[in-house]
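Below is one structure, written out as structure tokens, with a few remarks after it.
From a predicted model like this one, the values you see are computed outputs, not experimental measurements. Here is how names work: the chains are called A, B, and so on, in the same order as the sequence lines, proteins then strands, and each is numbered from 1.
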Protein chains: 2
Amino acid sequence: MSKINVYDELQKRILSGDYNIKMRLPTEEMLIKEFDTSRYSVRKAIKQLVDDGLVYSVKGKGVVVLENTLQSQKLNLNLGKIDNLQALNANQILNRKTTIASFKLIIVNEKISKKTLFPIGTPIYLIRRIRNVNNENLALDINYFNAQLIPDLTKEIAAGSIYQYIKDNLQMKIAVVKRQLRIEPANESDYKYLSLKDSNCVGNMISLAFNDDGKQFEYTESHFIPDNFVFNQIIQF
Amino acid sequence: MSKINVYDELQKRILSGDYNIKMRLPTEEMLIKEFDTSRYSVRKAIKQLVDDGLVYSVKGKGVVVLENTLQSQKLNLNLGKIDNLQALNANQILNRKTTIASFKLIIVNEKISKKTLFPIGTPIYLIRRIRNVNNENLALDINYFNAQLIPDLTKEIAAGSIYQYIKDNLQMKIAVVKRQLRIEPANESDYKYLSLKDSNCVGNMISLAFNDDGKQFEYTESHFIPDNFVFNQIIQF
DNA sequence: GAGTGGTCTAGACCACGGT
DNA sequence: CCGTGGTCTAGACCACTCC
């Protein structure tokens, strides 16, 4: 009999409501016995469930199952881990298209350096891409890629997935992405490129991406039209 | 000689640039020796640094220090852990005021239940509060508190901090808050209560709060005017 | 006081990166 | 191959909750 994964099994039970009545998980000791494993493994699984926002550990009390796990899970279809466009609601997108609005190789000056955190003098690809879904221009991505770390970019690559290129062709590992979201008045190019309709604001998601050498290889601003994306967060106290 | 905290010490060194040149932390074994502690404690400290977005662990390679830690830390003055208003940029707020726009005790109907996830029939306090900072109405909070879990609310309490009341008077522990942020067209009450100026959009931060029994005691929508708050996130791959 | 999760130690083996 | 971080086990003690 092969060992089953503690996390998968507990998640399944929680989501199917097996623990809803008493609002508690079995104690660590009971889980150790049931799954015939060590305390380390049980605690690792519980830690994952806590990160998912399904349960909460209380010292001296037990592991509490949060209410409305099923419904509030919908809140938590986390904006994926890959491409920036995935910040959009990815449900049944029928027809998506990427258009290159501009593609340049430039050198970082003081102004750009201040914004992107790239050192002055760094060569970078500056790419503006329009994300069209079902005939609406939902997002304008303004990418700054360090050309020393991400060399030989072309319009053709940019029309597809640059992240795919980074992983498959350059075999570079993406380690961490830091993001900040703000709401801003739409600027000239937002009006030009986005299907803003009556809105005069955009969401601006700023991303800094780092590879596994700790080097920042990307600064990106994604300008989104309202009503088309969500941003989730779980805070533990 | 009392033991120093591994996390605090490593964080201090990273932020002061001690490891920037080689972009690596010492190996776990070296840290175990230096701090005269167990591998568990060293790994716990590193885990915290990873969560802070300061470093990244790579198997077979080491713990890599991310570039621009100081600058991108600014990105990461995480929207605090307490009251919803802290989603605002909290720098040097001179003069803040809360005004109660409405205060009602109502019973959850089907429509409200669908939105708030409270069961139909639950008594709730429905409170609308205007957050005024330096003579601008920056946010409109629409709170739904389960009146069985948060009893005896008054306008006076609501004019101050309800979270303070929950913790100090009710001695209830807040366990988890799940949040979702969207951008929406401003509605009638947004125009009425907020200093929107020319903008016709608001940020809408939806919060579900749970106590340490796993019960959801709050559903809140915070409507913010643009340009006045940020939302941060760190994603590990 | 009994039972719970949180911290910590000591040790083993595995999987991956770079030489 | 060696050195790295990742996983896992077994066991001890601490801090908190609740009766």
Handout entry: A/Gln216: which of A/Leu208, A/Leu149, A/Val176, A/Asn146 passes side chain to side chain contact (heavy atoms under 4.5 Å, CB included)
Key = A/Leu208
Handout entry: Interatomic distance where CD belongs to B/Glu28 and C1' belongs to C/dG17 [whole Å]
Key = 15 Å
Problem - Nearest-nucleotide comparison on DNA chain D, the residue closer to the 5′ end among A/Arg24 and B/Ile46 - result: B/Ile46
Handout entry: N or O in side chain of B/Thr27 less than 4.0 angstrom from D/dG3 OP1/OP2
Key = no
Problem - Whole-Å distance separating the NZ atom of A/Lys44 from the P atom of C/dT7 - result: 18 Å
Practice task
Go through the steps to decide whether A/Arg131 and A/Leu140 satisfy the test side chain to side chain contact (heavy atoms under 4.5 Å, CB included), and finish with yes or no.
Solution key: CA-CA 6 Å; A/Arg131 307 298 199 165; A/Leu140 171 64; over 6 Å; no
Handout entry: Whole-Å gap separating P (C/dG18) and CE (B/Met23)
Key = 15 Å
Mind listing the side-chain donor-acceptor pairs of residues 40-47 of chain B below 3.5 Å, one per line with the distance, residues two or more places apart or on another chain?
from: B/Ser41; atom 1: OG; to: B/Thr37; atom 2: OG1; distance (Å): 3.3
from: B/Ser41; atom 1: OG; to: B/Ser38; atom 2: OG; distance (Å): 3.4
from: B/Arg43; atom 1: NH1; to: B/Glu28; atom 2: OE2; distance (Å): 2.7
from: B/Lys47; atom 1: NZ; to: B/Asp51; atom 2: OD1; distance (Å): 3.4
from: B/Lys47; atom 1: NZ; to: B/Asp51; atom 2: OD2; distance (Å): 3.1

Practice task
Check whether any side-chain heavy atom of B/Tyr144 sits under 4.5 Å from a side-chain heavy atom of B/Thr122, and report yes or no.
Solution key: no
Handout entry: Spacing between A/Asp213 atom CG and C/dG18 atom C1', to the nearest angstrom
Key = 12 Å
Problem - 5'-most by nearest nucleotide on DNA chain D - A/Val58 or B/Leu25 - result: B/Leu25
Practice task
Take atom CD1 of B/Ile32 and atom P of D/dG3, then tell me their distance rounded to the nearest Å.
Solution key: 15 Å
Exercise for the section: To the nearest Å, give me how far apart CG (B/Asp212) and P (C/dT4) are. Expected result: 17 Å
Practice task
Starting at atom CD of A/Gln236, determine the distance to atom C1' of C/dG5, rounded to an integer number of angstrom.
Solution key: 15 Å
Fill in the blank from the handout: From the candidates C/dT9, D/dT7, C/dG5, the one with an atom nearest any side-chain atom of B/Tyr40 is C/dT9
Fill in the blank from the handout: Scanning both residues in full, the closest heavy-atom pair of B/Glu67 with A/Phe210 reads O-CE2, 3.3 Å
Exercise for the section: Report the nucleotide, chosen from C/dG5, D/dG6, D/dC8, that has the shortest atom-to-atom distance to any side-chain atom of B/Ser57. Expected result: D/dG6
Handout entry: Donor-acceptor side-chain pairing of B/Tyr163 and B/Glu218 below 3.5 angstrom
Key = yes
Hey, what are the protein-to-nucleotides 10-16 of chain C N/O distances that come in under 3.5 Å?
from: C/dA12; atom 1: N6; to: B/Arg39; atom 2: NH1; distance (Å): 3.2

Handout entry: Positive for side chain to side chain donor-acceptor pair (under 3.5 Å) with B/Asn143, one of B/Arg128, B/Glu221, B/Arg129
Key = B/Arg129
Problem - Ion pair check, B/Lys114 and B/Glu110, cut-off under 4.0 Å - result: no
Handout entry: Residues B/Asp213, A/Lys61; criterion salt bridge (Lys or Arg N to Asp or Glu O under 4.0 Å); working and verdict
Key = CA-CA 10 Å; B/Asp213 283 327; A/Lys61 198 169 179 180; 3.0 Å; yes
Exercise for the section: Indicate whether OP1 or OP2 belonging to C/dG6 is found under 4.0 Å from a side-chain N or O atom of A/Arg43. Expected result: yes
Completion exercise
In whole angstroms, the gap separating C1' of D/dC8 from OH of A/Tyr7 amounts to 20 Å
Completion exercise
One would report the end-axis bend of the helix from C/dG1-D/dC18 to C/dG18-D/dC1, five pairs per end and rounded to 10 degrees, as 20°
